[in-house]
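Naming: A, B, ... by sequence-line order, numbering from 1 per chain. All values below were derived from every heavy atom in this structure, side-chain atoms included, with hydrogens, water molecules and symmetry-related copies excluded.
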Amino acid sequence: MAQEGQTTSLGEFIEQRCSKCHGVEDPEGDLNLVALENEGLGENRDKWLLVAEELSLQVMPPHPEPKPARSEYLAMLAILKDSLGDEVPELSTPVTHAPFSALRRRTVREIAGAILALTDIETPVDALPMEAGLHVYDVVGAGMTLDAAWLDRWLSLADSVSREAIRLPEPDRIPHVQASGRKLSSPRKSGGRLSTQGTAHLTHEFPRDGDYTLRGKAWAQQAGTRHAWVALTLDGKRIEELQITGEGPDSAITMTVHMRVTKGPHQVGVAFLNDYFQPKEEDLRERDRNVIVEQVSIDGPSDPQPPTSFQTELLLQAGEGDESQAQLGTAMTILADRAWQEAPRAADIQRLLELVQEEPSPQARLRLGLAAVLASPRFLLVGEVGEPGTPLSGPALATRLALFLWGSLPDEQLLQYARNDTLQETDVLEREVERMLQDPRARGLAAGFVPQWLQIVRLKNHEPSKELFPEYDAQLREAMLAEPVELFHSILQEGLPARDLVRADWTMINQQLAGHYGLPATGRSKETERYSLTETVRRGILGHGAILTASSDPGRTSPVLRGKWVLEALLGDAPPPPAPDTSPLDLSAPADRGLSMRERLKLHRTEPGCASCHVAMDPLGFALERFDAVGRTRVGKVDEQGTLPDGTQLDGPLGLSKMLTSDARFLPHLTRSLATYAVGRPLNSEDLDTLERAMKKVPEPDPPLRTLVRTIVLSDLFRRQPRDTPNQDQ
Amino acid sequence: MTLFHSRTNPMDRRALLRGGSAALGLPLLEAMLPARALAQSALTPKRLIYVYVPNGVNMEEWFPHRPPEGTTAAANATLSLGPSLLPLASHKQHISLLSGLTLDKARPNGDGPGDHARASAAFLTCVQPLKAEGAVQLGISADQAAAAHLRGKTPFPSLTVGGEAPRSSGQCDSGYACAYSSHLSWRSATQPAAKETDPVRLFDRLFRGGANLTTITERREHAHRRRSLLDYVREDASKLHGVLGSTDRQTLERYLTAVRELELQLAALEKEDLHEVADEMRPKNASYKRFDRLRIFNDLITLALATDRTRVVTFLTANEGSNHAYSELGINEGHHSLSHHGKDSAKMKSIASIDRANARVLGHLLKGLASHQEAGGSLLDNSAVVYGSGIASGNAHKHHNLPILLCGRMGGVLRPGRNIQSPPNTPLANLHLHLLRCLGVNAEQHGDSTGVLDIV
């Protein structure tokens, strides 16, 4: 039975739902559905199939027209199917929410943050094992990628982190590199064979300042009255010279030098010092003196390294340096206590000590202990299993808080509140949030959240045309990626309104990016600093190179992509993707069609199936046309006006900034995005209610970003188990 | 140059595998292994390799322009290739060109847009992927079904390799999880197999105990330590496991399974008859140019198969929907953008040149496999290589008559060198099922298969 307000016949549906745009008068996309309906379903099959497609995807009627119920769509598709047959598509499945396990693996980003907090070692993300994405935010469903291949890589990394963090008094393994034959570089590209004076060498990146053993092995083909002279060289300088008295490979000599070498690339080689060549000499064997370098090798560094400061501090904290079992146990406890969500128990430490007992030295035992602490599921997995709606335990709350605000591990103070179960008290939690946001580590929130929220992660795979934008390079890209993170971080730390994200007339950039934007950068330092934008039309993130570039095609801007980005990332109002078989806009078609991009888009908007979304996207994108495909300001006349579906006129980036500042969707979407990132699961309707209730209590009309963050943390959404019991495995 | 060394230490009967310059390619791959290596086993193992290219192909240049003369049967007996596949001409005797295969589960079937995500997700699973926020639901992929069957036979049940890193967050295609676009290989309905995208780390994982350990002594010590560590974490995980409810066990169960598999891997890597690989074979770094990188991966795949580290490999050369601009081919527009060519001849030409470059890389793999001799012929003779895409023409996002090549003899069960035309809408899954059966997997069904592909 149809519900109230639902249409039941096709005629009724068209009359009520479609005729406003697709009626007799000036129909959109030249599609007059009223007339079509009069002719019946037996005619115009192609057009009806198009209608069916639109209905199946639920893109028509477009926003902001009221949306028909699912049952109504189903009924209409059934009617169409009766006449048109199986080519009528099924109603698309709406996006569903999956229940989530309360326990998840740390993401690789969070693992890198934890390693840094624990050991002071920076781990490049590409050194970490890769993980697959499930959601806009990496925290959602993290842990999906967890199999032998992943764990193998992670254990190897934990191993190398522990080697770097804890040094042994004796180097455990002296690296050896060698080169021979073709692997040696020589003036005539003849490998190790030197027929004239010159050097055959190997270029090696010395990993650190240290003691190395350099060796060169060579033999000679003698001629003339003197023996062949050779030298072992470092960067061309002779460090040992030797006369080769024998002839042939059997009398090869080896020069060996032990010496201190500085970190960095150096050339180690064997030089031939006294060439002799008499082409007219009758005795062939007396004609030519040559040297054949068999091998050049480098062993080292062989000197022990002083303990790292992490190592020294850890042992200091663990008590007197008697290298006893007790000290080792305390050191392990400290490590596990900081790295694991739950405090280790005596039995856990006992097991760690048993694991490492075979190792030859106290340092080696500590090293393996660190690797084990990191390899353990107690480090890798976070979250807590509990009854629906119950408060999180202190440790689980502390872990969640540190991951959200710092992308890292809790510090000692937070751990204390967690372990004595006072963190759940509102005033303690509130104080901790304030403290943590003041801390420099709060950059972790901006660094983790912003690139995902703004979808600029994809900049890493985006390659602007080298022909058109030769100045775009990896350095500029990194500067671009840093800008929105720095802006967000500054707004957060300075207690500024969240809307400044789309309104600020200042930014945080380095000299290179300032130059790229055409800002006077002379006399500025190379580091990131604050620049005023009052003389420009750049406002907040809308003028950020990262966004403007990531939402462009390699060779040109894309108003459509930019408009889609504004709707999706900033307003949470993403248009549905284009229907199958709609022809994508062809902007690179020959210009002699005589149409501007705006005209082509206009034409595109007349196509049924395209109009509904493009009327909302295109004007938003056109407002950013002042900026080119790598975010530079375009000079001269730029077509940057547009009209939103509700009639609002938009004029350039300043107009867009104004519109977004007052748009009722901006703050709620930002809050929802932050909250999703904070709790690591898609928000269900219950969560959204909880969040909305909390936000209603925010008194400021133009709330500081910090208030939004604090409100999320203090809400039940963050502090409690979800109310909906996870009821199905994901 | 000596390619094959016996260790001087009589206690160590391991063989050392050497090759030519490791900088690029393995020109001296042939004769690397002594023929006795695998001849000792009664049956030379069959290998299964999947190589995927995203965004479909230029179909007009993939299939031969003019159908071969004569009756269908006669025409099919000799292989003819389209212009894009000409780089494979010298391997013709090893290749069959398949037509008529369909990947129905990559079609919308009510789920709307997202053909790219579906194409890669369904290619080896032949299951319709779930479109949902923050969730995946698919099925086991053919390579993983094979790996499950072969578990224990080799140190690595399978290898999953990729030319592009997966994205750990973000939106990839029309509401589908990014995991679909970047993973062909699925261990279960909800678990993609982790993909390796760094050639150096792949080499170290396969041949150097994960840490560039160059001597066997070092690797033994490392393995010993690793074993104790695995013991330790297994116990840790088991303790946690006890206190969890069933829903929350899943992550931990994955962890535990991984631990168990690593234990088996360690044991298998210590077998005496395992072939060592010389240091020259270690790739220099991760920053090779795109096609060189793909070739390096192919070399490593060949090495892994030749040394019996694994028998099943999946190689996603680029993520589905990849918009890489092939500037190395003089192409400045992104691959995905180009694939929607709207019949523009310049764009179609660019697509064909990408297809051709990819075919050249396949040729490199086939050459490597064919040059390694073992019992029963070459490595290629004992392998099946399935190469292709889950999209036919990228322009229309169609999933029927897919561009698929089937290479190798798989120990004599395949007869390459033909055009194999299947009736329209034959499920791709039928090919998977056929190959799985040939591998000895006792399966009645794979994905949406309707039977075994008739290619005898």
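- Checked against salt bridge (Lys or Arg N to Asp or Glu O under 4.0 Å), B:Arg167 has no partners two or more places apart in sequence or in another chain.
- Highest contact tally toward chain A, considering only B:Ala325, B:Ala211, B:Pro192, is held by B:Pro192 [criterion: heavy-atom pairs under 4.5 Å].
- Of the listed residues (A:Gln452, A:Gln455, A:Glu463, A:Arg351), the greatest number of heavy-atom pairs within a distance under 4.5 Å of chain B belongs to A:Arg351.
- Contacts of B:Arg260 with chain A are absent, with no heavy-atom separation under 4.5 Å from either backbone or side chain.
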Run the side-chain donor-acceptor check on residues 143-151 of chain A: report pairs under 3.5 Å with partners two or more places apart or on a different chain.
from	atom 1	to	atom 2	distance (Å)
A:Thr145	OG1	A:Ala132	N	2.8
A:Asp147	OD1	A:Ala149	N	3.3
A:Asp147	OD1	A:Trp150	N	3.0
A:Asp147	OD2	B:Ala194	N	2.9
A:Trp150	NE1	A:Met130	O	3.2

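- With a 6.0 Å cutoff to the six-membered ring centre and a 45° limit on the axis angle, B:Arg118 does not count as a cation-pi contact of B:Tyr180.
- The choice from B:Pro166, B:Ser169, B:Ala177, B:Ala258 that makes the most heavy-atom pairs within less than 4.5 Å of chain A is B:Ser169.
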> When you look at B:His340 and B:His397, which way does the ring pair (Phe, Tyr, Trp, His ring centres under 6.0 Å) test go after all the steps?
Replying inline: CA-CA 9 Å; B:His340 291 278; B:His397 280 174; 4.8 Å; yes
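- In this structure, the side chains of B:Arg254 and B:Thr190 come closer than 4.5 Å at one or more pairs of heavy atoms.
- In terms of non-hydrogen atom pairs under 4.5 Å with chain B, the most contact-rich of A:Asn461, A:Leu352, A:Leu157 is A:Leu352.
- When heavy atoms are compared at a cutoff of 4.5 Å, B:Ser322 does not approach chain A at all.
- The greatest number of non-hydrogen atom pairs below 4.5 Å with chain A, out of B:Gln191, B:Glu261, B:His183, B:Gln265, is found for B:Gln191.
- With 3.5 Å as the limit, one finds a donor-acceptor pair spanning the side chains of B:Ser158 and B:Gln144.
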